[in-house]
Protein chains: 2
Amino acid sequence: MNAVPKAPEPQLTRSVEDYLKSVFHLTNQGGFATTSDIAAMLEVAPPSVSGMMKRLSETGLIEHVPYRGVQLTPQGRRAALQMIRRHRILESYLTSKLNYDWGDVHDEAERLEHAVSEKLIERMADALGEPRYDPHGAPIPTAAGEIEETELATLADTEVGASVILREVGDEHPDRLHYLAEQGLTPGVRLTVVDRQPFNGPTIVRLNEGMTRVVGQELALLLLCRPVGSDGE
Amino acid sequence: MNAVPKAPEPQLTRSVEDYLKSVFHLTNQGGFATTSDIAAMLEVAPPSVSGMMKRLSETGLIEHVPYRGVQLTPQGRRAALQMIRRHRILESYLTSKLNYDWGDVHDEAERLEHAVSEKLIERMADALGEPRYDPHGAPIPTAAGEIEETELATLADTEVGASVILREVGDEHPDRLHYLAEQGLTPGVRLTVVDRQPFNGPTIVRLNEGMTRVVGQELALLLLCRPVGSDGE
DNA sequence: TTTGATAATTAGGCTAGCCTAATGCCCTGT
DNA sequence: ACAGGGCATTAGGCTAGCCTAATTATCAAA
């Protein structure tokens, strides 16, 4: 008689949401997320991960291959992308509307993403004009659960002489982000690689405006770039 | 050598925050909050309350008189007022800036209040111009932890013939709030009590604009009013 | 003053998540 | 082919919060 009211969608705990996000990020390049990588990312002990993986595969959110690792099921992926959308919309909203610094949004979003309703996220997205990238340049999944996948190279992998656009900063540590902003290294900026020191030494780049920056290996690995001319948005 | 770094202020759990808020609301008229009132308000079983009261008095947030009830210590009161400030600022922000209906803000704020930082609340308060009342007319505690205490009478207690200003709606149920808004019964409106039916019957009021409303006892108890002329803000 | 209703507490158990210690699996290097 | 190292898992324990059932305190009414 009655239409079946969709799937119940079981209402996840904060902890489960965090595990799913971790698995998503760790499997983004394909393959399995390992117990110890998840443990490191969430700062818990490995047995906690084993235990949670067991529960999550029982509820069908992940596929667990013992001693190999885990992958998200379609359902788990949907949940993870929803959390990532929440996180990135929140970051965008905080920077645009409440004057947050891009280094400070991550922690706030990390707590809020577990508490906001779908409705609130969509209101925020709407108020922002449905942004496609967060303040760090990361793509925001759509409400339907699609996410743009682009191949980006790190600045550390960019060859000397190449010109690139800095598209995304793959880091969330306030200190590093503050430093990068001071240096003018924010998404959208155009960079030309002038030189690189040997033995994983720093990369020397020239910005748009002609200024020069010396970027150490550690930071250069966080700066994700696209060659100039391979079309931007 | 080093200055003592203030009190550690122990970082409360969600649950503790909820208990403190309940105790605050239940002791607002003075006196003790009883175990069963707290249990009813939080929808938990009484023994859960007894257990929590024990923990809270050990951490110095409440004063527990066995078989009598509890009261907040100054520290507990501070924490409770902080939560209430968060809640009411959130409600205000959601209605003003994100187009939320006043009936829908409560549930959203109830979840967010446990996740927001002090900083975010102050940014929101600032963006709103430091509002003094939330969308239901309830006073917002200051960041310093002061709250306005005003004597308000319910509409049900207002005598026939009196003119009053509706100051606050003491309810958070979406349905009732939606209904009241439809009827034009929102904070700030001026009402004249035209008549009241006997035996706790409805109160008949005339609004500003001359329209008449019949308000049942249950709702009339939620409408908190101040006599006209006893100065408003 | 005793009694009984009502409310509060204690006793005892459960789950989710975390931990450490002990054990088990897998794979690489000899 | 197998020995070890390293990672994963199991075993067992802890805490916060919740529950129900059993017990105890309080207070008002007979």
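Note on naming: letters A, B, ... go to the chains in the order of the sequence lines (proteins, then strands), and numbering restarts at 1 for each one.
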Does Tyr19(B) place a side-chain N or O at less than 4.0 Å from the phosphate oxygens OP1/OP2 of dC18(D)?
-> yes
Which residue, Pro47(A) or Ala45(B), contacts DNA chain D at a nucleotide closer to its 5' end, judged by nearest heavy atom?
-> Pro47(A)
Using atom CZ of Phe32(B) as one end and atom P of dT26(D) as the other, report the distance to the nearest whole Å.
-> 14 Å
Leu20(B) CG to dG17(D) P, in whole Å, measures 11 Å
Taking atom P of dG17(D) as reference, at what distance in whole Å does atom CD of Glu17(B) sit?
-> 11 Å
Indicate yes or no: does Glu168(A) engage Arg226(A) in a salt bridge with an N to O separation below 4.0 Å.
-> no
Quick one: His64(A) NE2 to dC25(C) P, roughly how many Å, whole number?
-> 14 Å
Just compare dC18(C), dA16(D), dA8(D) and give me whichever is closest to any side-chain atom of Arg55(B).
-> dA16(D)
Short N-O contact, Glu108(B) and Lys119(A), less than 4.0 angstrom | no
Closest to the side chain of Pro66(B), out of dT9(C), dC18(D), dC18(C), is dT9(C)
Is the shortest side-chain N/O distance from Thr13(A) to OP1 or OP2 of dG17(C) below 4.0 Å?
-> yes
Ser50(A) has a side chain; which of dC18(C), dA8(D), dG17(C) sits nearest to it?
-> dA8(D)
Rounded to the nearest angstrom, tell me the gap between atom CD in Glu58(B) and atom C1' in dG17(D).
-> 15 Å
Given dG17(C), dC18(D), dT9(D), which nucleotide is nearest the side-chain atoms of Pro46(A)?
-> dT9(D)
Would you say dA16(D) has OP1 or OP2 under 4.0 Å from some side-chain N or O of Ser15(B)?
-> no
Ser36(B) side chain, from C-beta outward: closest of dA7(C), dG17(C), dC19(C) | dA7(C)
Who are the side chain to side chain contact (heavy atoms under 4.5 Å, CB included) partners of Ala40(A), not counting sequence neighbours?
-> none
Is it true that Glu218(A) and Arg176(A) have a side-chain N and a carboxylate O under 4.0 angstrom from each other?
-> yes
Round to a whole Å and report the spacing from CE of Met52(B) to P of dT9(C).
-> 14 Å
Separation of atom CZ in Arg14(A) from atom P in dG17(C), rounded to whole Å = 12 Å
What is the distance from CZ of Arg68(B) to P of dT9(C), rounded to the nearest Å?
-> 11 Å
Shortest side-chain distance from Tyr67(B), nucleotide among dT24(D), dG17(C), dC19(D) | dT24(D)
Indicate yes or no: does Arg68(A) engage Glu63(A) in a salt bridge with an N to O separation below 4.0 Å.
-> no
Hey, is the side chain of Ser48(B) poking within less than 4.0 Å of OP1 or OP2 on dC19(D), counting only N and O atoms?
-> yes
